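Step one of this worksheet: look at the structure below.
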Protein chains: 2
Amino acid sequence: MEKCFTEPKPTFFNLPPEKQENILAAAVAEFAEQGYQRASVNSIVRRLGIAKGSLYQYFDNKEALFLHVFDQFTRKVKQQVKKSVAESQGHDFFLLTREALLAGIDFIVEYPEFFQIYLKVLFEQDVPRREELVARVRLFSLEYFGPLCELAKEQGMLRQDLSCRLVVFLLDATLDRFLQAYAQPYLDGGLGLAGMSRERLHAEIDTVITVLRNGLQP
Amino acid sequence: MEKCFTEPKPTFFNLPPEKQENILAAAVAEFAEQGYQRASVNSIVRRLGIAKGSLYQYFDNKEALFLHVFDQFTRKVKQQVKKSVAESQGHDFFLLTREALLAGIDFIVEYPEFFQIYLKVLFEQDVPRREELVARVRLFSLEYFGPLCELAKEQGMLRQDLSCRLVVFLLDATLDRFLQAYAQPYLDGGLGLAGMSRERLHAEIDTVITVLRNGLQP
DNA sequence: TTTTAAGGTGACCACCTGGTCACATTATGG
DNA sequence: CCATAATGTGACCAGGTGGTCACCTTAAAA
């Protein structure tokens, strides 16, 4: 049985919480700006003003530090999903989709660096356990929309000739791109989502949802 | 006026065409696998079995080599777009969209490494002139769909309350994600586009186009 | 106060990077 | 056959990387 290097060393948890948070913040900032490969341990300790040896007393290596950061990210996602689900009881399928999109926007606003890290992981390679990490996040989407979609189909809210897999794919594609465009302005093809007022943004979202509704309903 | 380092040195074009192609191929492979930053000049010359000094006689630096590679990519894209436009005279808006999607699939099949490079450029930073390069490619999409969309709207094929920018955004999002899922299987959420037979793939495409049609038509 | 353990440090290591340059090799043309 | 120019070469450079470890400081226990 090999050692796994996934978790911080015990010394990390002995640190006063404020210091733990500082370290996490510095690592998050570095990984968000540089991605995994280009992120530099030297740069992280420089940000923190601590010695490199110290950091290696908290984490076995760069990979363990990164995995810890990503763990915190998925924790936040889980939280947000739970909150969103709780708040939107009783909505129909497309209103739920709308809520999911809004929740995504909120997440980006609140944790822009985590979202940057996620985007980098999506398209970088040689990120340790990339597929597992990506899957871990996407699962939220699949697990959320999958059953909802089955239900919606039974209730006749979706065209019967559309497979649920395709519906989920289309929803996921649209929502994901919307969020990516929001976070990376050069992806939005002149739509200007990033600089938009909250009201205009909501209006655009409503239009998108309407298009989806018309496209997917019987 | 600074020097620009964009083009290969004249020595490169003095090389026998076969050698030029070898060099290009090695560079393409390396950039496709590693992205810009992680791509290693050492690795490229190792692939080629030539001395590093030689490569630096053909190109001023890594950046110039990369820009040359990307130039070749945009040339191919331009070609493909032209071909696709020529072949699909007389189709309506949504059939043209279908053609564009098929053309994209063909491109990925024919030049998978170029597409990988493009995806990497999209999400890597500190790629030299990234925004310019991305814009250069996306312009094809905007210039292609923009006017088409205006026309379709005048002809009453699109809901009047949808702005052309939003329509282009939605088309672009769906098509782009479809292509990304095709090239990067872990993005397709279990749809399994990558391993699909050409017929099943076309069937999925037709379904997607139908959804778009229902969503966007009056 | 002394002993012992934990936490903190930064010089150092091997390795890799993009880029250079004095030199060797080859081709050209007089 | 020689002179000249063009092409090819790889040891070398400065600078960066992730990671180590003998040493120092601090704090708690005895």
Side-chain angles (χ1 to χ4, degrees), chain A residues 2-23 26-27 30-31 33-69 120 124-129, chain B residues 2-23 26-27 30-31 33-69 120 124-129:
Chain A
E2 301 183 61
K3 196 154 179 225
C4 230
F5 296 129
T6 296
E7 290 166 6
K9 295 182 178 180
T11 29
F12 178 70
F13 296 111
N14 292 343
L15 256 36
E18 193 200 323
K19 206 162 188 185
Q20 290 185 35
E21 279 162 34
N22 283 344
I23 291 171
E30 177 75 8
F31 284 121
E33 285 171 26
Q34 309 290 349
Y36 176 76
Q37 289 290 348
R38 245 170 77 78
S40 154
V41 176
N42 290 317
S43 166
I44 293 174
V45 298
R46 225 178 295 131
R47 285 170 192 261
L48 287 165
I50 65 171
K52 188 152 45 156
S54 298
L55 193 60
Y56 277 92
Q57 285 203 309
Y58 311 143
F59 297 90
D60 282 302
N61 47 37
K62 184 181 171 182
E63 179 176 333
L65 174 56
F66 174 73
L67 291 174
H68 178 63
V69 165
K120 296 258 160 65
E124 205 177 322
Q125 69 213 338
D126 297 317
V127 175
R129 314 192 188 188
Chain B
E2 301 183 60
K3 197 157 179 222
C4 232
F5 297 127
T6 297
E7 291 166 5
K9 294 181 179 180
T11 29
F12 178 70
F13 295 111
N14 291 343
L15 256 37
E18 193 201 322
K19 205 162 186 183
Q20 289 184 35
E21 279 161 34
N22 283 344
I23 291 171
E30 177 75 8
F31 284 120
E33 285 171 26
Q34 310 290 348
Y36 176 76
Q37 289 290 348
R38 243 171 78 79
S40 154
V41 176
N42 289 317
S43 166
I44 293 174
V45 299
R46 224 179 295 130
R47 284 169 192 260
L48 287 164
I50 65 172
K52 190 154 42 157
S54 298
L55 193 60
Y56 277 92
Q57 285 205 308
Y58 311 143
F59 297 90
D60 282 302
N61 47 37
K62 185 181 171 181
E63 179 177 333
L65 174 57
F66 174 73
L67 291 174
H68 178 62
V69 164
K120 296 259 160 66
E124 205 178 323
Q125 67 212 344
D126 297 318
V127 175
R129 313 191 188 191

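Sequence lines set the chain letters: A, B, ... in the order given, protein chains first and strands last, and positions in each chain run from 1. In this text the structure is predicted, and so the values were computed from the model without any measurement.
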Can you check the [X] [atom1] to [N] [atom2] distance for me, whole Å?
X	N	atom1	atom2	value
A/F59	C/dG8	CZ	P	13 Å
B/Q57	C/dT25	CD	P	16 Å
A/E63	D/dG19	CD	P	9 Å
B/N42	D/dC13	CG	P	16 Å
A/L55	C/dG10	CG	C1'	14 Å
B/Q34	C/dG18	CD	P	11 Å
B/R46	C/dG18	CZ	P	10 Å
A/R38	D/dG15	CZ	C1'	14 Å

### Query
Out of A/Q20, A/E21, A/Q57, which one pairs with A/L15 under the side chain to side chain contact (heavy atoms under 4.5 Å, CB included) rule?
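For A/L15, the side chain to side chain contact (heavy atoms under 4.5 Å, CB included) test succeeds with only one of A/Q20, A/E21, A/Q57, which is A/Q20.
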### Query
side-chain contact (heavy atoms from CB on, under 4.5 Å) between A/Q37 and A/V127: does it pass, once the steps are laid out?
CA-CA 7 Å; A/Q37 289 290 348; A/V127 175; 5.8 Å; no
Should [X] be listed as having a side-chain N or O under 4.0 Å from OP1 or OP2 of [N]?
X	N	result
B/N61	C/dG18	no
A/K52	C/dC13	no
B/N14	D/dT7	yes
A/S54	C/dT9	yes
A/S40	D/dT17	yes
B/K19	D/dG8	yes

### B/Y56, nearest nucleotide to its side chain (from C/dG18, C/dG10, D/dG19)
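The answer is C/dG18.
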### Task
Find which nucleotide of DNA chain D each of A/S43 and A/G53 is nearest to by heavy atoms, and output the residue with the more 5' nucleotide.
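Upstream on the strand: A/S43.
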### Message
Any side-chain to backbone donor/acceptor pair from B/E30 onto B/S40? Under 3.5 Å, distance only.
### Response
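Side chain of B/E30 to backbone of B/S40: a pair is present.
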### Query
Do the side chain of A/E124 and the main chain of A/Y36 share a donor and acceptor less than 3.5 angstrom apart?
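Yes, A/E124 side chain to A/Y36 backbone: donor-acceptor pair under 3.5 Å.
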### Query
How is B/Y58 classified with respect to the nucleic acid when contacts are heavy atoms under 4.0 Å: base, sugar-phosphate, or nothing?
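Sugar-phosphate, backbone atoms only, no base.
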### Task
Nearest 0.5 Å please: distance from the CZ atom of A/F66 over to the CG atom of A/N61.
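It is 12.5 Å, given to the nearest 0.5 Å.
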